[in-house]
**Q** 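I'd like to ask you about the structure that follows.
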Amino acid sequence: MTNAIHAASTEPIPVAPDLKWTHSFAALGPDFYTALQPSPLPSPYWVGRSRALARELGLEEHWLASADTLAALTGNQPLPGARPLASVYSGHQFGNWAGQLGDGRAISLGEIFTAHGPQEIQLKGAGRTPYSRMGDGRAVLRSSIREFLCSEAMHGLGIPTTRALCVTGSDAVVRREELETAAVVTRTAPSFIRFGHFEHFSFSDQHEQLKTLADYVIDRFYPACRDTAQPYAALLEAVSERTAHLMAAWQAVGFCHGVMNTDNMSILGLTMDYGPFQFLDAFDPNHICNHSDTQGRYAYNKQPNMAYWNLFCLGQALLPLIDDQEQALAALESYKTVFPEALQARMRAKLGLTNAQPEDDALIESTFKLLASNRVDYTIFWRRLCGFTAQSGHEPVRDLFFDRESFNTWALQYSERITSADPGLRADLMLKSNPKFVLRNHVGEEAIRAAKLKDFSVVNTLLSVLQAPFDEHPDHQHFADFPPDWAASIEISCSS
Ligand code: AMP
Ligand code: MG
């Protein structure tokens with residue numbers, strides 16, 4: 001089989017004869033999207049494949065190895081049964097209303113039936129759409145590898161996320177700050193609907209469509225809301241709760257998203273649209289990972305408030321369906337209790353505390369303060385802490401601090417808290433709550449540099465490590481090491 005472009009042939013080639021499709025989003029009607037074909041890329045090649053996701057989706061190994069699949073997932077030939085479309089949405093970007101955006105480069109193929117329910121398949125970077133504005137509809141290899149690896153890494157960490165099945169590349173040149181090459185990420189999720197979809201129909205006074213969309217989301221994903229007195233307020237509350245849990249997960253693992261615009265907020269509470277994200281190296285609560293974010297709007301410690309701000313926008317968008325502003329405000333209230341509780345639960349697990357005590361809040365706060373004042377490596381601290389015992393203290397943890405005195409004071413407080421804990425249970429909980437591996441910028445960079453030279457082995461090795469981030473992987477220790485000096489010079493900004 002050749003890798004050559006199969007330009008817009010209308011004859012579907014039977015690459016996966018048993019893929020069973022449903023097109024529930026397409027059934028919402030043309031107000032919600034534009035039907036169109038992906039634009040082909042010359043001579044595609046595989047960059048990375050998640051066999052774990054393929055298995056979950058019920059796709060056969062040979063399917064994800066075939067030349068036809070490679071062509072189809074690059075947008076070069078139709079997948080039988082797919083109905084490609086680009087959806088329209090709007091959004092608040094960096095706090096300002098940006099109006100119509102819609103998907104400028106992700107083309108949805110429909111949903112396939114799987115053992116985990118219907119999963120939408122999208123090709124990100126598959127060419128221009130009516131919503132591309134000034135963009136070229138493409139994604140570069142570098143950002144596609146980052147999205148691919150991080151989607152699967154987040155899933156490995158147990159954090160809700162859209163998934164990524166594969167990245168395919170092409171030598172076609174894409175112009176960014178410098179010349180790069182194009183790639184396509186095949187990503188999946190139960191739905192890619194964003195807060196921005198609701199804002200679009202609300203603020204353009206298409207309230208019939210707003211209701212259609214809300215009913216669709218409720219019926220498919222939040223059916224319990226239907227049995228309440230005000231289903232749309234109940235939806236807002238349910239989304240607030242999921243978002244609160246997501247923010248707790250991000251904060252606990254030290255994940256910075258970088259572009260929490262309302263068009264990047266999933267209605268299902270999934271991490272989505274991986275761009276300039278970063279896992280913290282040294283702990284700095286004010287860390288800004290996106291070089292375009294000059295005001296620090298999306299700094300690490302601002303994320304929970306920004307999520308709430310975004311939920312407020314969603315609430316405003318839903319108002320035409322709720323009528324009563326008080327009810328909408330009340331629906332948002334749950335965020336303020338669910339987020340801190342969820343964060344405390346995650347931090348207690350990281351500390352190895354198997355039960356809750358009133359003094360835990362203070363312990364968690366003093367831990368964050370200590371890490372900030374010593375700029376301690378966040379992931380390494382937590383992983384080393386798994387070996388801390390009240391009796392011996394623990395040199396490897398102490399060694400991370402330049403201010404030994406403040407560490408000793410904290411260690412005393414912590415030791416007192418854990419004296420009555422069963423050491424085996426505690427260590428077990430901690431090793432499951434403190435990953436050894438996260439996708440640090442410099443680690444991703446290593447995979448990207450090799451991939452640019454057509455060596456995709458690092459991408460795939462890293463993928464297998466990140467899919468099991470709580471395991472030791474002794475052969476891949478260097479992915480868990482401190483960042484090298486050059487890591488600080490990596491600059492990552494918005495869309496690439
Ligand atoms: P992002 O910041 O990547 O979430 O993108 C914001 C909006 O711009 C989304 O609607 C994207 O589809 C669109 N966009 C980003 N990059 C491109 C591109 N290269 N070509 C077309 N549209 C793009
Ligand atoms: Mg986006």
Side-chain angles (χ1 to χ4, degrees), residues 91-96 98 101 104-106 124-125 132-151 153-154 161 167 173-183 185 196 247 250-251 253-265 271-307 309-310 372 375 377-379 438-449 451-452 462 482-496:
H92 280 87
Q93 299 192 312
F94 290 91
N96 303 309
L101 299 166
R105 56 176 173 172
K124 181 172 176 180
S132 297
R133 298 175 295 160
M134 305 299 283
D136 56 9
R138 293 299 179 193
V140 300
L141 180 66
R142 171 173 49 92
S143 62
S144 301
I145 290 174
R146 281 169 54 84
E147 170 143 13
F148 171 66
L149 289 176
C150 202
S151 305
M154 290 296 253
T161 178
V167 179
V173 170
V174 175
R175 201 173 285 277
R176 293 292 182 265
E177 278 117 56
E178 48 193 62
L179 295 183
E180 304 195 40
T181 60
V185 186
M247 289 308 114
W250 286 5
Q251 298 308 106
V253 80
F255 176 79
C256 307
H257 181 281
V259 208
M260 291 174 65
N261 294 332
T262 54
D263 53 302
N264 289 337
M265 296 293 292
T271 313
M272 81 177 334
D273 279 17
Y274 292 90
F277 69 84
Q278 186 180 6
F279 286 87
L280 294 175
D281 291 319
F283 185 71
D284 171 7
N286 299 308
H287 184 71
I288 304 162
C289 63
N290 178 356
H291 276 254
S292 317
D293 183 9
T294 47
Q295 306 293 311
R297 179 179 173 86
Y298 300 132
Y300 166 76
N301 62 353
K302 297 237 182 88
Q303 295 189 124
N305 280 347
M306 286 298 112
W309 193 93
N310 290 336
R375 294 285 157 107
D377 188 278
Y378 191 70
T379 306
V438 293
L439 179 59
R440 295 178 191 255
N441 269 352
H442 75 276
V443 170
E445 200 60 29
E446 191 185 322
I448 291 162
R449 284 179 188 177
K452 283 185 173 170
L462 193 49
F482 288 99
D485 289 342
W486 59 264
S489 64
I490 301 173
E491 290 193 5
I492 307 214
S493 53
C494 275
S495 294
S496 50

**Q** For residues R176 and R138, report the shortest heavy-atom separation together with the two atoms involved.
**A**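 Scanning both residues completely, I find the closest heavy atoms to be NH2-O, 2.9 Å.
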**Q** I492 and G275: which non-hydrogen atoms are nearest, and at how many Å?
**A**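 Looks like CG2-O, 4.2 Å.
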**Q** How many angstroms lie between CD in Q278 and CG in N441, if you round to the nearest 0.5 Å?
**A** 4.0 Å
**Q** Is the backbone of G137 close enough, under 3.5 Å, to the side chain of S132 for a donor and an acceptor to pair up by distance?
**A** no
**Q** Taking atom CG as the centre, does D485 end up with more than 12 heavy-atom neighbours from other residues, nucleotides or ligands that are less than 6.0 angstrom away?
**A** no
**Q** Quick one: does I288's side chain get under 4.5 Å of Q295's, heavy atoms only?
**A**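 With C-beta onward as the side chain, the pair stays apart.
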**Q** Considering non-hydrogen atoms only, spot the tightest contact between P276 and V259 and give its length.
**A** CD-CG2, 3.2 Å
**Q** To the nearest 0.5 angstrom, please state how far the CG atom of N301 sits from the CE atom of M306.
**A** 10.0 Å
**Q** Does K302 reach the side chain of N305, with side-chain heavy atoms less than 4.5 Å apart?
**A**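 Contact flag for K302/N305 side chains = no.
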**Q** Taking A139's backbone N and O only, do any of them form a donor-acceptor pair with K124's side chain (distance below 3.5 Å, no angle check)?
**A**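 Such a contact is absent between K124 side chain and A139 backbone.
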**Q** Is the shortest heavy-atom distance from the side chain of R375 to the side chain of D284 under 4.5 Å?
**A**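 Yes. Closest side-chain heavy atoms under 4.5 Å.
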**Q** Checking ring-ring contact (aromatic ring centres under 6.0 Å, His included) between Y300 and each of W250, F277, F283, which is the one that passes?
**A** F283
**Q** Rounded to the nearest 0.5 Å, how far does NZ of K452 lie from CD1 of I145?
**A**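 Nearest 0.5 Å value for the CD1-NZ distance: 8.5 Å.
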**Q** How about D377 and T379: do any of their side-chain heavy atoms sit closer than 4.5 Å?
**A**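 With C-beta onward as the side chain, the pair touches.
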**Q** Quick one: does L149's side chain get under 4.5 Å of Y274's, heavy atoms only?
**A**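 They are not in contact (no side-chain heavy atoms under 4.5 Å apart), so the answer is no.
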**Q** L439 and F279: which non-hydrogen atoms are nearest, and at how many Å?
**A** O-CD1, 3.3 Å
**Q** Is any side-chain heavy atom of M247 closer than 4.5 Å to a side-chain heavy atom of M260?
**A** yes
**Q** If I compare all heavy atoms of A299 with all of N286, which pair ends up nearest, and what's the gap?
**A** CB-O, 3.7 Å
**Q** So E147 and S143, side chain to side chain contact (heavy atoms under 4.5 Å, CB included) or not? Walk me through it.
**A** CA-CA 6 Å; E147 170 143 13; S143 62; over 6 Å; no
**Q** Look only at the side chain of Q303 and the backbone of H257, and say whether a donor-acceptor pair between them is shorter than 3.5 Å.
**A** yes
**Q** Any side-chain heavy atom of N261 within less than 4.5 Å of one from F94?
**A** yes
**Q** Shortest non-hydrogen contact from Q93 to D263?
**A**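 Here Q93 and D263 meet closest at NE2-OD2, 3.5 Å.
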**Q** State, with a plain yes or no, whether a side-chain heavy atom of T271 is found less than 4.5 Å away from one of F255.
**A**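 Counting from C-beta outward, T271 and F255 do come under 4.5 Å.
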**Q** Can a donor-acceptor pair be found, under 3.5 Å and without considering hydrogens, that links the side chain of H442 to the backbone of A488?
**A**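 Checked: no pair found.
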**Q** Looking at R440 and D281, is any side-chain nitrogen of the basic one under 4.0 Å from a carboxylate oxygen of the acidic one?
**A** yes
